[in-house]
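Note sheet for the following structure.
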Amino acid sequence: MIYLKLFWAFFQIGAFSFGGGYAAMPLIKQQIITTHHWLTINDFTDLITISQMTPGPIAINSATFVGNQIAGLPGAFFATLGCVLPSCLFVTFLSWAYNRYKNLSILQDILESLRPAVVSMIAVAGIDILLPAVFPSGSFSFLPGQVKLRPVLYFAAAVFLLRKKKKDPILVMVLCGVAEVAAQLLMPGI
Amino acid sequence: MNKKILSNIFLSTLYLSSFTFGGGYVIVTLLKKKFVDELHWIDQQEMLDLVAIAQSSPGAIAVNGAIVVGYKLARLPGVICAVLGAVIPPFVILTAISFFYTAFKENFIIQAMLNGMTAGVGAVILSVVYDMGGDVVKEKDPLLIILMAASFIAAYFYHVNVIFIIFAAALAGICKTIIRKLRNEA
């Protein structure tokens, strides 16, 4: 039953992504690529790119997108429902507990030790997106013909604009896209 | 009166969720502006605790932020209105994109655009990692740094299931809390 599968996959994503934003990305990748093969790594990368360009959390965007791709509108509904249900249960319970006890310290201790793990997992997901873009073989190799030059340039330019010029991430990504369109139109075949 | 609160919750979260780029933290700030500074329905100190709940819970911060505000103002009906408001915009937008995606993907220009943006997305993600990792290192707590290194090795080289890593890190946090309590008592 595909609806149940979608619901359960995104329920796990919703229940275990602590830290917001990119924290959901490693879980999404594991569920929809490794476990269920619902998207290719290329589609997944496009999905993350699209998520950056639109409002809304990555997890909700992914649930709606994957649900639609796999099983149409009902699929999107069940995937998205699965994604928000853990939040609803957990946060409502905590709000209730907070109203009664006004104390959050144990939770914050646990969260503090989750943060380093989450950072590392986001790093791994980022590397997994970047490597195939730069190396056609998908792993480090600096032999001639094994490195795509233009993505390396875009990456370096993007890092410069983000870190040194403090430019908006959406603008930086769009510039990378526009540069590639221009490159392919002006120098076809390279 | 109750209806007015509910429609206000729904419309605020709907509006913020439609037009806020830049992730959950931005939405939480805007929720505070609306319900603390403009409407005075929640006081400043309590809002800080509500934000802490939203950030410590699993799931998207934007949705969690909407839920804490909805619960505070109108209990369960408030939660339902807040979640609907927060989820409808991305649901509609991504359904539309998904509908056109297959056709879009074949388009030469769009394909080149998405390909070029991949390098940019990688840079954005690694830039976020650099900031977050820097914050962890700044705490000068060896346990946190060991956790960060161990998680990276487990995820990258051994492809350990993400959920196991989260459980292990949470367990380390619980142990740390217990040890600190025992020390304080001794």
Side-chain angles (χ1 to χ4, degrees), chain A residues 14-18 20-21 26-27 30 45-46 48-50 54-57 59-61 64-65 68-69 76 80 84 86-87 90-92 94-95 104 107 109-111 113-114 116-117 119-124 126 129-130 133 151 154-155 158-159 162 169 172-173 176-177 179-181 184, chain B residues 18 20-21 23-24 52-53 56-64 67-68 71 79 83 87 89-91 93-95 97-98 109 112-129 132-133 136 144 147-148 151-152 155-156 162-163 165-166 169-170 172-174 176-177:
Chain A
F16 292 105
S17 53
F18 286 89
L27 282 152
Q30 177 168 298
T45 305
D46 287 349
I48 297 296
T49 309
I50 292 167
T54 56
I60 309 282
N61 288 349
T64 305
F65 184 85
N68 265 305
Q69 293 282 316
T80 308
V84 292
S87 280
F90 202 90
V91 177
T92 306
L94 274 186
S95 302
L104 297 170
L107 197 72
D109 274 340
I110 296 174
L111 199 70
S113 68
L114 277 179
V119 174
S120 287
M121 290 186 298
I122 298 171
V124 171
I129 284 180
L130 196 60
Y154 302 151
F155 178 76
V159 169
L162 287 168
V172 171
M173 289 185 301
C176 291
E180 178 65 15
V181 172
Q184 293 208 8
Chain B
S18 309
T20 315
F21 292 84
I53 293 175
S56 347
S57 302
I61 306 258
V63 176
N64 295 352
I67 296 174
V68 287
Y71 186 84
V79 170
V83 170
V87 169
F91 189 86
I93 294 169
L94 265 290
T95 297
I97 288 175
S98 167
I109 303 266
M113 185 90 192
L114 285 170
N115 278 343
M117 284 201 291
T118 303
V121 173
V124 169
I125 293 172
L126 293 183
S127 169
V128 168
V129 166
M132 291 175 76
V136 171
L144 298 186
L147 270 177
M148 189 156 74
S151 315
F152 185 85
Y156 190 75
V162 174
I163 292 173
I165 299 178
I166 289 171
I174 293 167
K176 197 178 140 190
T177 311

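A note on names: the letters A, B, ... follow the listed sequences, proteins ahead of strands, and every chain is numbered from 1.
Contact count against chain B (heavy-atom pairs under 4.5 Å) is highest for A:S87 among A:G56, A:P151, A:P26, A:S87. The candidate with the highest count of non-hydrogen atom pairs below 4.5 Å against chain A, out of B:V83, B:V87, B:T95, is B:T95. Per-residue counts of heavy-atom pairs under 4.5 Å with chain A were compared for B:G133, B:P89, B:G59, B:G120; the largest is that of B:G59. For the options A:A158, A:G126, A:A117, heavy-atom pairs under 4.5 Å to chain B are most numerous at A:A117. With chain A as the partner, the residue from B:I163, B:I97, B:T118, B:V128 showing the most heavy-atom pairs under 4.5 Å is B:I163. Chain A forms the most heavy-atom pairs under 4.5 Å with one residue out of B:I174, B:L147, B:I166, and that residue is B:I166. Most heavy-atom pairs under 4.5 Å with chain B: of the set A:G14, A:A133, A:P169, this distinction falls to A:G14. Ranked by heavy-atom pairs under 4.5 Å with chain A, the first of B:A60, B:P58, B:A119, B:G122 is B:P58. Of the listed residues (A:V181, A:N61, A:I48), the greatest number of heavy-atom pairs within a distance under 4.5 Å of chain B belongs to A:N61. By number of non-hydrogen pairs under 4.5 angstrom with chain B, the leading residue of A:V159, A:L130, A:V119 is A:V119.
The backbone N or O of B:L114 sits nowhere less than 3.5 Å from a side-chain atom of A:E180 that would complete a donor-acceptor pair.
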Give the intermediate values and the outcome of side chain to side chain contact (heavy atoms under 4.5 Å, CB included) for residues A:T64 and B:S98. CA-CA 8 Å; A:T64 305; B:S98 167; over 6 Å; no
Could you go through the side chain to side chain contact (heavy atoms under 4.5 Å, CB included) check for A:N68 and B:L94 one step at a time? CA-CA 9 Å; A:N68 265 305; B:L94 265 290; 5.9 Å; no
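With sequence neighbours excluded, the residues that form a ring-ring contact (aromatic ring centres under 6.0 Å, His included) with A:F65 are B:Y101. Listed by chain and number, the residues in a side chain to side chain contact (heavy atoms under 4.5 Å, CB included) with B:A170 are A:I110, A:L114 (sequence neighbours excluded).
Interface remark: B:V162 contributes backbone and side-chain atoms alike to the contact with chain A (heavy atom separation under 4.5 Å). At a 4.5 Å heavy-atom cutoff, A:V172 makes no contact with chain B through either its backbone or its side chain. The parts of B:F91 that come within reach of chain A are both its backbone and its side chain, each placing non-hydrogen atoms under 4.5 angstrom from that chain. Of the atoms belonging to B:V124, heavy atoms from both backbone and side chain fall under 4.5 Å from chain A. Contact annotation for A:A179: neither backbone nor side-chain heavy atoms come within less than 4.5 Å of a heavy atom of chain B. Proximity to chain A involves both the backbone and the side chain of B:V121, based on heavy atoms less than 4.5 angstrom apart. Contacts between A:A59 and chain B at a heavy-atom distance below 4.5 Å are absent for every atom of the residue. For A:T80, the part sitting under 4.5 Å from any heavy atom of chain B is the side chain, from C-beta outward, and nothing else. Proximity to chain B is absent for every atom of A:P86, based on heavy atoms less than 4.5 angstrom apart. Only the side chain of A:Q30 comes within contact range of chain B, judged by heavy atoms closer than 4.5 Å.
Within the model, atoms CD1 of B:I53 and CZ of A:F90 stand 10.5 Å from one another, a figure rounded to the nearest 0.5 Å. A distance of 4.0 Å separates CD1 of B:I125 from CD1 of A:I129, quoted to the nearest 0.5 Å. Between atom CG of residue B:L126 and atom CG of residue A:L162 there is a gap of 10.5 Å, rounded to the nearest 0.5 Å. Between the CD1 atom of A:I60 and the CD1 atom of B:I93 there is a distance of 12.5 Å, given to the nearest 0.5 Å. Here the OG1-CE distance, from A:T45 to B:M117, works out to 11.5 Å after rounding to the nearest 0.5 Å. Here the straight-line distance linking atom OH of A:Y154 with atom CG of B:N115 works out to 9.5 Å at 0.5 Å rounding.
When all heavy atoms of A:S113 and B:L144 are compared, the closest pair comes out as CA-CD2, 4.0 Å. Minimum interatomic distance between B:F152 and A:A123 (heavy atoms only, all atoms of both residues): CE1-CB, 4.1 Å.
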